[in-house]
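What follows is one structure encoded as structure tokens, with my remarks underneath.
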Number of protein chains: 2
Amino acid sequence: MNSATRQKIVMTALELFYVKGYNSTSIADILSRSQVHSGSLYHFFPGKQDVLVAVLEFYRDGIRENLLDLAWMGVDDPIDRIFALLNGYRTGLLESDFAWGCPIGNLALELSEPDPNIRKLLDVNFKNWIAAVEGCLHDAGARLPEGTDRHALAEFILTTMEGAIMQARTAQDIAVFDRNIAVLREHVALLENAARQIWIN
Amino acid sequence: MNSATRQKIVMTALELFYVKGYNSTSIADILSRSQVHSGSLYHFFPGKQDVLVAVLEFYRDGIRENLLDLAWMGVDDPIDRIFALLNGYRTGLLESDFAWGCPIGNLALELSEPDPNIRKLLDVNFKNWIAAVEGCLHDAGARLPEGTDRHALAEFILTTMEGAIMQARTAQDIAVFDRNIAVLREHVALLENAARQIWIN
DNA sequence: GTCTATAGCGTGATAGAC
DNA sequence: GTCTATCACGCTATAGAC
């Protein structure tokens, strides 16, 4: 089930879906780029959509080692970890001249009426990302005001990242991304400040 | 240049691009839905992409009468106006069972390497929306702390809306949208509170 | 400006030898 | 499991009568 050929197909599709999107990536694109032939691809996958499923499962199963571990290497402070994660997407935008962004977010808006399986896989990828950030917010403990809805705040941080990427890509200007993150930082600072106020009183 | 047929084409394309996306909408879809024949469409437009240009120009030129005036009817408070605008998208999500969202945001993420003209039209649509919100923030005057970057905050509000729509659509759950807007509301409340503190001291 | 017919191509997918 | 050849379809776009 996990032959080298299958892996090559999935990783190539992952790359192409990321840069060109799902609809604009043809099977022929995947085949020529991966040096695999039609018969092999259809030996492993019933159809194109099943390749997408495999890609989304790869993201889902590898979020820790392929995303979080890399972003958090040498970063211990929980709040710093959140912004280190966001900074990874910033780097991606710059390195790719705004071609990359968030692979899940791109697909979520491109596939308007996705197959239920696909929709659930997109959703679980978002939810895993949110859970990781929520963990950081939990670790921040009393630095946030008591009663802060850490789940809602984690969702909001994903929201900020997705929206900031969308605007920066469209404007082709990283400053838009930076200004968005700066406002988020200010929000977190206001919360930390509020927590301190409560502590004093 | 603005015959009834041309208008019918543009409005039908607008609808279909909104619901199905650009790539997934075929010329044949537009023709059958609008009851127009191929020859007429290609009489007015060189190609499919030019229909998209016309749609984006329609959004650009009609933001006030087709969006802002409707959302702001009977709403005078500038901060309320911002949340009334956001609430319009919430209604759209509910009424369409999560098929709608933000037409510009959808296209911005679907078209990964858009033609420069298209990219500029998407960008100008975002910028007009931001300018409208920035106007509200300007009208809020001293309710926000002195020195608040109102442009950055307006961008951030667009970011919040786009990210909230993306997540709510994917989860097919309006509560995700609501939680995101609630955090934004809290941020604005914290700013208003900070402005009051400065006033007291 | 409108209509019909159709060209020309790229697509997802299949057949069958090896 | 891999490879080549190819089908059947839907797509954008065009031609040309009216």
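Here the structure is a predicted model, which is why all the values come from computation and not from measurement.
- The nearest whole Å value for the distance from the CG atom in B:Leu31 to the P atom in C:dG1 is 17 Å.
- Which of C:dT14, D:dC11, C:dG12 sits closest to the side chain of B:Ala28 comes down to D:dC11.
- Using a cutoff of 4.0 Å between basic side-chain nitrogens and carboxylate oxygens, B:Arg179 and A:Asp149 are not scored as salt-bridged.
- Atom OH in A:Tyr42 sits roughly 15 Å away from atom C1' in D:dT4 (whole-Å rounding).
- The side chain of B:Ser40 sits closest to C:dC3 out of C:dC3, C:dT14, D:dT2.
- Residues A:Arg81 and A:Asp139 are not paired through a salt bridge, judged by the lack of any N-O separation under 4.0 Å between the basic side chain and the carboxylate.
- Within 4.0 Å of A:Thr25, counting heavy atoms only, lie sugar-phosphate atoms of the nucleic acid but no base atom.
- Close to C:dT11, at under 4.0 Å from its OP1 or OP2, lies a side-chain N or O of A:Ser26.
- One interatomic measurement links the two molecules: CD of A:Gln7 to C1' of D:dG1, which rounds to 16 Å at whole-angstrom precision.
- Under the 4.5 Å side-chain criterion, counting only non-hydrogen atoms from C-beta, B:Gln167 is not in contact with A:Glu162.
- Put simply, CD1 on A:Ile27 is 13 Å from C1' on C:dT14, counting in whole angstrom units.
- In this structure, A:Trp100 and A:Tyr18 have parallel ring planes: the angle between them is below the 30° cut-off, well short of the 60° mark.
- The CG-P distance, from B:Leu41 to D:dA13, rounds to 9 Å in whole Å.
- Here A:Thr5 lies in heavy-atom contact (under 4.0 Å) with sugar-phosphate atoms only.
- Summarising the geometry, the separation between NE2 on A:His43 and C1' on C:dG12 is reported as 19 Å, rounded to the nearest angstrom.
- Distance NE2 (B:His37) to P (D:dT14): 19 Å, rounded to an integer number of Å.
- Between the side chain of B:Ser38 and the base of D:dT14, at least one donor-acceptor pair of N or O atoms lies under 3.5 Å.
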